[in-house]
Amino acid sequence: MNRQAETPLISVVMPVYREGSSLRSVLDVLVEVLLSLKESFEVILVDDGSPDDTWVVIEQASMQYPVIRAVRLSRNFGKESAICAGLEMASGKAVIVMDGDLQHPPQLIPEMVRLWRESKADVVEAVKDDRGQESFVNRIGAGLFYSVFSRLSGYDLDRASDYKLIDRRVVDAWLTMGERNLFFRGMISWLGFRHLKIPFTVPERAGGQSGWSLFRLIKLAVTAVTSFSSLPLHLITLSGGVFLFFGMILGLQTLFNKLTGKAVSGFATVILLLLIIGSLLMISLGIIGEYIARIYEEVKRRPRYLISEKLERRVSEK
Ligand code: UDP
Ligand code: MG
């Protein structure tokens, strides 16, 4: 057995969900680029419980490309968990995480590898210079999320993508983070190390359709915010303080009116206060609830994903 085949220089981790129709051509492009590097590599595909023929396509492709290793998750665990499964499997000295729909162009890989080697960057991040074809709602939503996230957590993820080359040191550090609520981009930026950015333009999907509904995006955004910042909780305290301040002023005024015999009236004020305080309390409870939900999910300590099938590299090649 060839030792080099054991620990490749580069592992490409690709989470795939419902990509059956285009995966084959995506792999052809990817492998061609990787071969042109003239380095040892492996391709790790994580089938995130796709209901379509994605796994069959993977099995067939692995016949042609022995560099493919793959796992099939027992159900759809979401992209973040799928990336986690891939990172745990990867053995390369550098790991490249990319989408399986060619929206992260493989043509960028040689440049990423060059930067990693020559400038000793630990993380080479591909950042979107243009968010590509996206719906208006997605664009606004993403803009809002990134500005809130960076203000709350202090990590600027604007235009960041999951397309990254990560050095082994950073992968190992990432793997020590034990949380269940994963947010890959944020976690990588939390780790620190030396980051380099290269811009890219997001092309059209290679085929199939996006696996992200608006609801899932919102869920990911909430996970991201709650696991990277406790500021919303402090804001509740702060708003309580502000309300106390105004409450005191209003209280004094009411008392004064009462003493000078000018009481009654002020119905509108009462209703307004009731409504404002009522909704503020509800929102506050909701925010606290989000954090409790996260704590609950974390303390259960369930596995982050479950594997139902595995395809290891056939080490026949020398
Ligand atoms: N993906 C996944 N699990 C999911 C949804 C998506 O592994 O539940 C993968 C998908 O196969 C693709 C990547 O995550 O490789 C990005 O997904 P998609 O292209 O649907 O997202 P978009 O580009 O629209 O943000
Ligand atoms: Mg995509």
Side-chain angles (χ1 to χ4, degrees), residues 13-15 17 46 48 77-88 90 94-99 103-104 112 121-128 131 134 138-200 202 210-235 287 290-298 304-305:
V13 168
M14 196 181 255
Y17 179 61
V46 184
D48 189 10
F77 280 88
K79 183 183 180 186
E80 311 296 311
S81 304
I83 291 179
C84 173
L87 286 181
E88 285 182 2
V95 179
I96 297 174
V97 177
M98 66 191 297
D99 281 4
Q103 285 193 307
H104 293 164
M112 289 171 120
D122 294 306
V123 179
V124 182
E125 308 179 88
V127 294
K128 305 170 190 163
R131 293 191 61 90
E134 259 185 336
N138 272 9
R139 203 175 284 262
I140 299 286
L144 189 73
F145 166 67
Y146 284 122
S147 68
V148 170
F149 184 84
S150 70
R151 237 162 258 168
L152 289 181
S153 69
Y155 300 105
D156 183 15
L157 294 186
D158 188 28
R159 297 192 293 172
S161 71
D162 285 338
Y163 192 11
K164 299 181 196 302
L165 179 149
I166 316 164
D167 186 84
R168 171 55 42 194
R169 288 200 293 160
V170 185
V171 175
D172 288 343
W174 192 90
L175 292 175
T176 62
M177 299 170 100
E179 63 237 63
R180 309 302 85 190
N181 286 289
L182 299 165
F183 181 50
F184 177 66
R185 260 169 270 182
M187 288 162 76
I188 289 288
S189 123
W190 182 90
L191 284 169
F193 293 96
R194 245 173 71 81
H195 284 231
L196 265 188
K197 294 185 175 174
I198 52 173
F200 78 107
V202 184
S210 174
W212 291 89
S213 61
L214 188 63
F215 178 69
R216 288 186 83 171
L217 283 173
I218 294 175
K219 217 172 126 196
L220 182 66
V222 172
T223 301
V225 169
T226 47
S227 48
F228 279 85
S229 166
S230 56
L231 201 66
L233 289 174
H234 304 305
L235 286 181
I287 294 178
E290 285 301 331
Y291 282 91
I292 295 181
R294 290 290 104 75
I295 299 172
Y296 178 52
E297 276 155 27
E298 296 297 337
R304 299 199 263 207
Y305 58 84

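What you see is a predicted model, and the numbers here were worked out from it, not measured in a lab. By convention here, the first residue in the shown sequence is residue 1. Just the heavy atoms: all of them, side chains too, but no hydrogens, waters or symmetry mates, feed the values below.
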### Query
With sequence neighbours left out, what residues match Ile287 under side-chain contact (heavy atoms from CB on, under 4.5 Å)?
Pro232, Leu233, Ile236, Ile283, Tyr291
### Task
Could you list the residues that satisfy salt bridge (charged side-chain N to carboxylate O under 4.0 Å, His left out) with Glu298, not counting sequence neighbours?
none
### Query
How long is the span from the CD1 atom in Ile83 to the CZ atom in Phe77, to the nearest 0.5 Å?
15.0 Å
### Summary
Across all chains, not counting sequence neighbours, the side-chain contact (heavy atoms from CB on, under 4.5 Å) partners of Ala85 are Val46, Leu73, Tyr305
### Query
Mind checking whether Leu87 and Trp174 have side chains closer than 4.5 Å, heavy atoms only?
yes
### Task
With side-chain contact (heavy atoms from CB on, under 4.5 Å) as the test, would you mind laying out the steps for Thr176 and Asp172 before giving the verdict?
CA-CA 7 Å; Thr176 62; Asp172 288 343; over 6 Å; no
### For Ser147, side-chain hydrogen bond (donor to acceptor under 3.5 Å, both in side chains) partners two or more places apart
none
### Task
Search all heavy atoms of Leu182 against all heavy atoms of Glu80 and return the closest pair with its distance.
O-CG, 3.5 Å
### Among Met112, Glu125, Lys128, Gln103, side-chain contact (heavy atoms from CB on, under 4.5 Å) partner for Tyr163
Met112
### Query
Glu297: what forms a side-chain contact (heavy atoms from CB on, under 4.5 Å) with it, not counting sequence neighbours?
Asn181, Arg294
### Task
Calculate, to the nearest 0.5 Å, the distance between atoms CG and CG belonging to Leu235 and Leu152 respectively.
7.0 Å
### Task
Please list all pairs passing the salt bridge (charged side-chain N to carboxylate O under 4.0 Å, His left out) test where one or both residues lie in residues 176-192, with sequence neighbours left out.
Asp162-Arg185
### Task
Only counting residues at least two apart or in another chain, list the ones meeting side-chain hydrogen bond (donor to acceptor under 3.5 Å, both in side chains) with Arg169.
Asp122
### Query
Just by modelled atom types, is the Tyr146 backbone N or O under 3.5 Å from a matching donor or acceptor in the Ser150 side chain?
yes
### Task
Determine, step by step, whether Leu191 and Met177 satisfy the side-chain contact (heavy atoms from CB on, under 4.5 Å) criterion, reporting the C-alpha distance in whole Å, the side-chain angles of both residues, the deciding distance to 0.1 Å, and the verdict.
CA-CA 10 Å; Leu191 284 169; Met177 299 170 100; 4.0 Å; yes
### Task
Quick one: closest heavy-atom pair of Val127 and Ala160, and the distance?
CG1-CA, 4.3 Å
### Task
Please round to the nearest 0.5 Å and tell me the distance separating atom CE of Met187 and atom OG of Ser227.
8.0 Å
### Message
Quick check: closest heavy atoms across Met98 and Pro15, and the distance to 0.1 Å?
### Response
O-CD, 3.2 Å
### Message
Taking the side chain as everything from C-beta on, heavy atoms only, tell me whether Ser161 gets closer than 4.5 Å to Phe200.
### Response
yes
### Task
Kindly write out the residues that satisfy salt bridge (charged side-chain N to carboxylate O under 4.0 Å, His left out) with Arg194, not counting sequence neighbours, or none if the list is empty.
none
Would you tabulate the side-chain donor-acceptor contacts of residues 215-223 under 3.5 Å, counting partners in other chains and residues two or more places apart, or write 'none'?
unit_1: Arg216; atom_1: NH1; unit_2: Asn76; atom_2: OD1; d: 3.4
unit_1: Arg216; atom_1: NH1; unit_2: Gly211; atom_2: O; d: 3.3
unit_1: Arg216; atom_1: NH2; unit_2: Asn76; atom_2: OD1; d: 3.2
unit_1: Thr223; atom_1: OG1; unit_2: Lys219; atom_2: O; d: 3.0

### Task
Mind checking side-chain contact (heavy atoms from CB on, under 4.5 Å) for Asp99 and listing every partner two or more places apart, or none if nothing turns up?
Lys79, Asp101, His104
### Query
How would you list, by chain and number, every residue that makes a ring pair (Phe, Tyr, Trp, His ring centres under 6.0 Å) with Phe183, sequence neighbours excluded?
Phe149
